[in-house]
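Keep in mind it's a predicted model, so treat the numbers as computed, not measured. Remember, it's 1-based here, ligands and their atoms both numbered in the order they're listed.
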Amino acid sequence: MYLGDATWPEAGVELAETSTALVPIGSTEQHGPHLPLSTDHVIAEGLARAAADPAGVVCTPTVNVGVSPHHRQFHGTLSVDAPVFRDYIESLSRSLVYQGVDRIVYVNAHGGNVQHLREVGRRLHDDGTAYAIEWMWDESIPDLVGSLFEQNGPHAGPKETSMVWHLADLVRADQLEAAREDGCPDITAIETTRNGARIFYDAIENTHNGGFGDPTDASAEKGERLFEAATEQLVALAEWLDAQPWETLGPKPHVRERKRSGRSRSNRKR
Ligand SMILES: [Zn+2]
């Protein structure tokens, strides 16, 4: 069920039957000259809304702006500071817990959010509030992604282009050639690390137009295959999570001190 479309009595019925919520999280940031700024949140929302009903779990409204300082040089990119983002997601998650949810999947479509979502999951886990995990769609189907495209690119490449083509009529097809030629079609050809250290901060250091990979390899048909496969993974994950007994998800207690008989710490002190 999509929470935003429900009345409160309807939400009450649904929340009595599931312990799990999907929270779609994206970004509003440049995706080259051929994709909209909404790319990541269109993908996250599409997947979460498609998976919720088959999995029998709740889908919340989408968090549309994430942590994107590394794209700030391009027009229209919006970003929030990482600590603010973490606090916001944690607060939203605690609100869900108050409504009867104790397990959450952050359905994420933006690499810049990953470490922060995992940090929030850690906070909620450590005090036993909820079991919240980060899920990145393309990492659930690496073999399919790898088999469909020659030059993937981590950002605005053919996989994201195909997904947007399938989900929304927002791909600028007449810009695909330019996206490849003025971007960074082959990420193996650029130097991003030196002696084990990452030596860039912003996308613009490695791509003139913000794109990576070869988006001319994209199609709506490939997008449909990616979408169906990733949705299937998300449904399976949500079903698994919802079925787990809480005891297996909550934090484990501290190990006990091993005491030798007659020589416990208190005995030694005396
Ligand atoms: Zn993206």
Any N/O/S atom, side chain or main chain, of H31 closer to the Zn ion (ligand 1) than 2.8 Å?
yes
If you check every N/O/S atom of E160, which is the one nearest the Zn ion (ligand 1)?
OE2
State, with a plain yes or no, whether a side-chain heavy atom of L176 is found less than 4.5 Å away from one of T161.
yes
What N/O/S atom of D40 gets nearest to the Zn ion (ligand 1)?
OD1
Do side-chain atoms of R172 reach the backbone of L170 as a donor and acceptor pair under 3.5 angstrom?
yes
With a 6.0 Å cut-off (strictly less than), is the heavy-atom count around OH of Y88, excluding the residue itself, greater than 12?
no
Flag the pair R86 / P83 as yes when at least one side-chain heavy-atom distance between them is below 4.5 Å, and no otherwise.
yes
